[in-house]
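Heavy-atom basis, side chains included; hydrogens, waters and symmetry copies ignored.
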Amino acid sequence: MLNRFMLKSALRMLVMQLVRMYIDSRFDTSETIAAIQTQRRKVHDIQEMAPELRRELPALLLTVWRDAITDITLEHDGKISLDMDHCLWNMEQILSNWLPRWSVVQRVIGTRDMNGSDEDYPEDEQVLRNLLASDPQHAQAWCNLAVIYMGKKRNAEAESLFRQSLTLDPDYPEGLLNYAVLLENLERREEAEKALRRAVEIRPDYYKAFTNLGYVLSQMERYEEAEAMLRHALEINPDYPVALLNISLPLHKRKHFAESERFLRRAMNLDPHYEDAALNLFVCLYGLEKYIEAEEFLRRFIADNPESSEVMSKLGIFLFHQGRAAESEVWLRRAYDVSGGAAEAAFDLSSYLLLYGHYQEGFALYESRFDVRSNNNVRRFPEAQWDGSPLNGKRILIYTEQGFGDLLQCVRYIPLIKARGGSIVLEARPEVLRLFQQMDGADQVFVRGEPYPAFDTHCPVMSLPHVMGTRLDTVPCQVPYLRVPENVQALWRQRLAPLRGLRVGLVWAGNPLHKNDESRSIPLAALAPLADIPGVSLVSLQKGHGERQLKEVSFAVTPFGDQVQDFADSGAILQQLDLLISVDTSVAHLAGALGVSTYLLLPKSPDWRWLLDRDDTPWYPSMRLFRQTEAGIWADVLASVVESVRSLSATKG
């Protein structure tokens, strides 16, 4: 082991040699760079010999480096100038690469930071290949090559290159950081977290790694830890824009909009054109109910950034929620045009068009959902999907996507596809398997995750309205189009036999992970007036989230949650009811598909399939819609529902 004096002496000698090499050499050949890297590796070797002194290295290295610069300047009698403030030989670069960022060196090796760095890097893969041919032990070059492949979405190759880099230098912080970016892109977040924790262990002042670690933890919904990491990053560098942006997510989850606003305004002061910060700042202002200021802010940003299609889309969505539909469409279409038809703008416009019943244009643009990363909707097959042409005996695979409600809504097209002369292979999730096995037109049903049966062409289930050319007046609405197995019906007929009077099913909460769940779900306690109606028996079809509320109310609701295995059981219960009252969930779609009378409770801004300003839906003839007139206010909706149920009960009695 080296003691501190020996370590400092060895480092001083090597750093002097390294600086002389920069002063005396040309930097435009891979051979010169390879020689420099040899010196760098010697420095790393010395560090490994003194692990107990690792915490002292930053201060020691800074002293050695500055001394070397001073000594070299004196050797040349002042004929060269190595101004520390202008050469950018900062401590971060010394600790990360041992390579001052001189433009010519950068052109040969380059550095690529996937977390917002403005450093140049070689786009030409061959430059790095040539360097590696002369120096295959060059960890940084392998990393830079991996980043280029990552930028090209060639993730498997990028991962292999990152592993090569980190095999050569496991303690290369930038390598760990960029590898973590790839792992996050692949949603392998536990591995990304591990890589980033290693990076900050090696470099305790590595604020970029702390920033990325905070982002990854936010994506894992570990918001308290995420906020701590991001605050630490900002302690190290209070003006790092990415950290100022990323900390807004955990703060928004806690509804700490005022503090988030301060961070985001600092980011905007540093870069007035920072689009992501602008979008998050709008969310802050909206969360603080500063609606006029929020709109003015978006309009100013667009005026200064006329190519910012995402902000235009956000303005369009905001105007829609303000009840200004005509203006909303103008901005959504402008965003689509300015973006050149980008997926995000297309998807936002499609949701608007579908909500207003412009189905042909809306469903065509809705195909963009596969290219919007936040949707987590993956194209499973590289071949083009079925275009609706005659099948002439071909086997077509119809596969699942999105939620259960989407799936239950769109399997109605199966008989229509069958009429086009093909054989249908239908993918099911376990929860709907028994229902789908009863479907007319489905020649083969298998469970997602099993090997794919043979097929000639394919189509995702939510593309069927587009492929079949659905218009508002041609929605296939023959119900029921789903059937419950007879033995399951008989079982539940017996179980519900003791219930008298008007049997009313209840579903009050949706999936808590749904982006709009806070608006669409209601507390069970709000439905208490239904229990006071004479002759009404309440039945819970709530499953999982929200079910615990049954223990928190004082009125009687018959629960069956622990006896419900799948949607076939839920469907059998529905068929024994007189009415279902539900928020916007998959059970409501199931009831509609079975032709069960349903009252659907909708928020002020509903999902696109429920359209606007009507109390019926072309998708389900047995469904009646009860809409909020004011966002977040359910009282008038529930009062109308109670009055209607009271009339039904009186009639039945």
Go through the steps for Leu177 and Asn212 under the test side chain to side chain contact (heavy atoms under 4.5 Å, CB included), then give the verdict.
CA-CA 8 Å; Leu177 174 70; Asn212 274 25; 3.3 Å; yes

Working note: Val242 + Tyr274, criterion side chain to side chain contact (heavy atoms under 4.5 Å, CB included); need CA distance, chi angles, decisive distance, verdict.
CA-CA 10 Å; Val242 183; Tyr274 195 177; 4.1 Å; yes

Is there side-chain contact between [X] and [Y], with at least one heavy-atom pair below 4.5 Å?
X: Phe318; Y: Gln322; value: yes
X: Phe257; Y: Leu251; value: no
X: Trp142; Y: Asn144; value: no
X: Glu329; Y: Tyr352; value: yes
X: Asp607; Y: Leu355; value: no
X: Lys290; Y: Glu296; value: no
X: Leu217; Y: Glu224; value: no
X: Leu196; Y: Val216; value: yes

Between [X] and [Y], does any side-chain N to carboxylate O distance fall below 4.0 Å?
X: Arg222; Y: Glu190; value: no
X: Lys194; Y: Glu191; value: no
X: Arg189; Y: Glu193; value: no
X: Arg197; Y: Glu225; value: yes
X: Glu159; Y: Arg188; value: yes
X: Glu227; Y: Lys253; value: no
X: Arg380; Y: Glu401; value: no
X: Arg324; Y: Glu295; value: yes

If only atom types and distance count, is the side chain of [X] paired as donor or acceptor with the main-chain N or O of [Y] below 3.5 Å?
X: Ser260; Y: His256; result: no
X: Ser248; Y: Leu245; result: yes
X: Arg163; Y: Ala158; result: no
X: Ser521; Y: Ala509; result: no
X: Ser368; Y: Phe347; result: yes
X: His252; Y: Lys255; result: no

Is the closest side-chain donor-acceptor distance between Tyr206 and Glu174 under 3.5 Å?
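Judged by distance alone, the side chains do pair up.
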
Is there a donor-acceptor contact under 3.5 Å linking the side chains of Asn246 and Thr211?
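No pair is found: no donor N or O on one side chain lies under 3.5 Å from an acceptor on the other.
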
Can you confirm whether or not the ring centre of Phe282 sits under 6.0 Å from the ring centre of Phe297?
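Ring-ring flag for Phe282/Phe297: false, centres at least 6.0 Å apart.
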
Ring center gap for Trp608 and Tyr366 short of 6.0 angstrom:
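Judged by ring-centre distance (under 6.0 Å), Trp608 and Tyr366 do meet the cut-off.
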
Measuring from [X]:[atom1] to [Y]:[atom2], what's the distance to the nearest 0.5 Å?
X: Leu264; Y: Asp276; atom1: CG; atom2: CG; result: 10.5 Å
X: Leu332; Y: Leu353; atom1: CG; atom2: CG; result: 8.0 Å
X: Ser339; Y: Arg334; atom1: OG; atom2: CZ; result: 13.0 Å
X: Ser218; Y: Met229; atom1: OG; atom2: CE; result: 11.0 Å
X: Leu230; Y: Leu249; atom1: CG; atom2: CG; result: 9.0 Å
X: Leu365; Y: Tyr336; atom1: CG; atom2: OH; result: 5.0 Å

State, to 0.1 Å, how close [X] and [Y] come at their nearest heavy-atom pair, and which atoms those are.
X: Gly175; Y: Leu166; answer: C-CD2, 4.0 Å
X: Asn178; Y: Cys143; answer: ND2-SG, 3.9 Å
X: Pro170; Y: Leu176; answer: O-CD1, 3.8 Å
X: Ser328; Y: Ile317; answer: OG-N, 4.4 Å
X: Leu270; Y: Pro241; answer: CD1-CG, 4.4 Å
X: Ala267; Y: Ala277; answer: CB-CB, 4.2 Å

Would you mind writing out the side-chain donor-acceptor pairs for residues 302-315 within the sub-3.5 Å range, not counting sequence neighbours?
| from | atom 1 | to | atom 2 | distance (Å) |
| --- | --- | --- | --- | --- |
| Asn305 | OD1 | His273 | ND1 | 2.7 |
| Asn305 | ND2 | Phe301 | O | 2.9 |
| Ser308 | OG | Glu275 | OE2 | 2.4 |

Assess the residue pair Met150 and Tyr179 against the criterion (side chain to side chain contact (heavy atoms under 4.5 Å, CB included)); give the C-alpha distance rounded to whole Å, side-chain angles, the decisive distance to 0.1 Å, and a yes or no.
CA-CA 9 Å; Met150 180 163 53; Tyr179 183 38; over 6 Å; no

Run the side chain to side chain contact (heavy atoms under 4.5 Å, CB included) test on Met268 and Asn280 for me, step by step, so that the C-alpha distance in whole Å, both residues' side-chain angles and the decisive distance to 0.1 Å come before the verdict.
CA-CA 11 Å; Met268 294 294 296; Asn280 283 17; over 6 Å; no

Glu327/Arg299 under salt bridge (Lys or Arg N to Asp or Glu O under 4.0 Å): CA gap, chis, key distance, verdict
CA-CA 13 Å; Glu327 292 177 83; Arg299 291 184 182 276; 3.6 Å; yes

Classify the ring geometry between His232 and Phe210 as parallel (under 30°), tilted (30 to 60°) or perpendicular (over 60°).
perpendicular

